[in-house]
Amino acid sequence: IAGIELATAVAKSGCKVLLGGEGADELFGGYDGKYLAERDTFIAESGLPPPILTSDESCWPMDVELWRVFGEQTPLASESTYRKHMMDGCARALAHLPPARAAMLAINAVETRWHLYRALRQLDAWSMQLSVEAREPFLDLELVRLCFNYPLEGLFWPTIKGDLKEVARRWLPQEVVDRPSKLGFCFDTNPFFAAHARPEFLENSMLRELYQIKKPRPLTKWLEPGRGRGAFRLCTAEIWLRHYLNGQSIASIEQDLCR
């Protein structure tokens, strides 16, 4: 939704080309909340001091029950199988390396393949829908080759994006280079929805009609605290359907959603 709204604003301004930042996290090891155990093992086995900063993996796992509401085939199962298949292939190809180094190389390769495939497809869909060309400087072929052959120590030590930040400090203020990463929605968002969302927004939803979810199977239980990001996912999908498929205005959707 955010991407389409951005492309709409850009198109109205008369701009025809956008420069994006896709690939920066994947190529430069920028996910500081993932695979901490593997990263710490690699750093320890490399004989390096402990990293300056580490962070917890606080993301809620995808709830299989939520996806079962929309059919017997759970995307989580197929996603896990596909990722495991890629990891196993990388492990075989890198078997000649020390285990910790091979694990980090495999993780970097799989994360790049997995995240960018989805991100670039979404980017292409919303930009071309509005005749805006999106260009991705980080995915220049020579830069990608450099990153995949770059020493892992420079990506993950002493902080994530270690060498990239070191270069950035030559040109940018420290508060820009070392600013905290965006939080995203890797926390239980449901208390916000429980306090402010109307239950009927999901109960009488286009999602229910699209997936033929018969009543009385309730969707409002996903608004309850402790359900992770269930409400965020469902409400985002419902907003998208109402606005982009049904033509409902943002103001009208807000009125239906908010108490």
Applying the 4.5 Å side-chain criterion to the ILVMFWY set and letting contacts propagate, would [X] and [Y] be lumped into a single cluster?
X	Y	result
L6	I250	no
L155	L94	yes
L116	M128	no
V167	L143	no
L172	L19	no

> Would the number of heavy atoms belonging to other residues, nucleotides or ligands and lying under 6.0 Å from CZ of R121 be above 12?
Replying inline: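 Atom CZ in R121 is not crowded, with 12 or fewer foreign heavy atoms closer than 6.0 Å.
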> How about E175: does its CD atom have over 12 heavy atoms from other parts shown lying under 6.0 Å from it?
Replying inline: yes
Compare every heavy atom of [Y] with every heavy atom of [X], then report the nearest pair and how far apart it is.
X	Y	value
A11	L130	CB-O, 3.9 Å
A100	E45	CB-OE1, 3.1 Å
A24	K161	O-CE, 4.2 Å
L120	E22	CD2-CB, 4.2 Å
F138	G21	CD1-O, 3.8 Å
G23	L139	CA-CD2, 4.0 Å

Measure the [atom1]-[atom2] distance between [X] and [Y] for me, rounded to the nearest 0.5 Å.
X	Y	atom1	atom2	answer
R170	K165	CZ	NZ	16.0 Å
E133	K16	CD	NZ	9.5 Å
F42	L152	CZ	CG	4.5 Å
C235	L202	SG	CG	4.5 Å
E238	L210	CD	CG	9.5 Å

> Could you walk me through whether N246 and M206 pass the side-chain contact (heavy atoms from CB on, under 4.5 Å) check?
Replying inline: CA-CA 9 Å; N246 208 37; M206 290 184 66; 3.8 Å; yes
> Would you call R101-E153 a salt bridge at under 4.0 Å N-O?
Replying inline: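 Counted as a salt bridge, because a side-chain N and a carboxylate O are separated by less than 4.0 Å.
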> Salt bridge check: are R208 and E203 linked by an N-O gap of less than 4.0 Å?
Replying inline: yes
Check whether any side-chain heavy atom of [X] sits under 4.5 Å from a side-chain heavy atom of [Y], and report yes or no.
X	Y	answer
M87	I107	yes
L245	W240	yes
F148	L105	no
M104	T41	no
R259	P199	yes
I239	L257	yes

> Please walk me through it: do F201 and R242 pass side-chain contact (heavy atoms from CB on, under 4.5 Å)?
Replying inline: CA-CA 11 Å; F201 185 74; R242 292 189 183 205; 3.5 Å; yes
> Just by distance, do the side chain of S252 and the backbone of S249 share a donor-acceptor pair under 3.5 Å?
Replying inline: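 Not confirmed, S252 side chain does not pair with S249 backbone.
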> Are C258 and H196 close enough, and set up right, to give a side-chain contact (heavy atoms from CB on, under 4.5 Å), and what steps lead you there?
Replying inline: CA-CA 6 Å; C258 302; H196 302 290; 5.6 Å; no
>> Applying side-chain contact (heavy atoms from CB on, under 4.5 Å) to L27 and Y150, what does each step give before you reach the verdict?
In response: CA-CA 10 Å; L27 293 174; Y150 199 79; over 6 Å; no
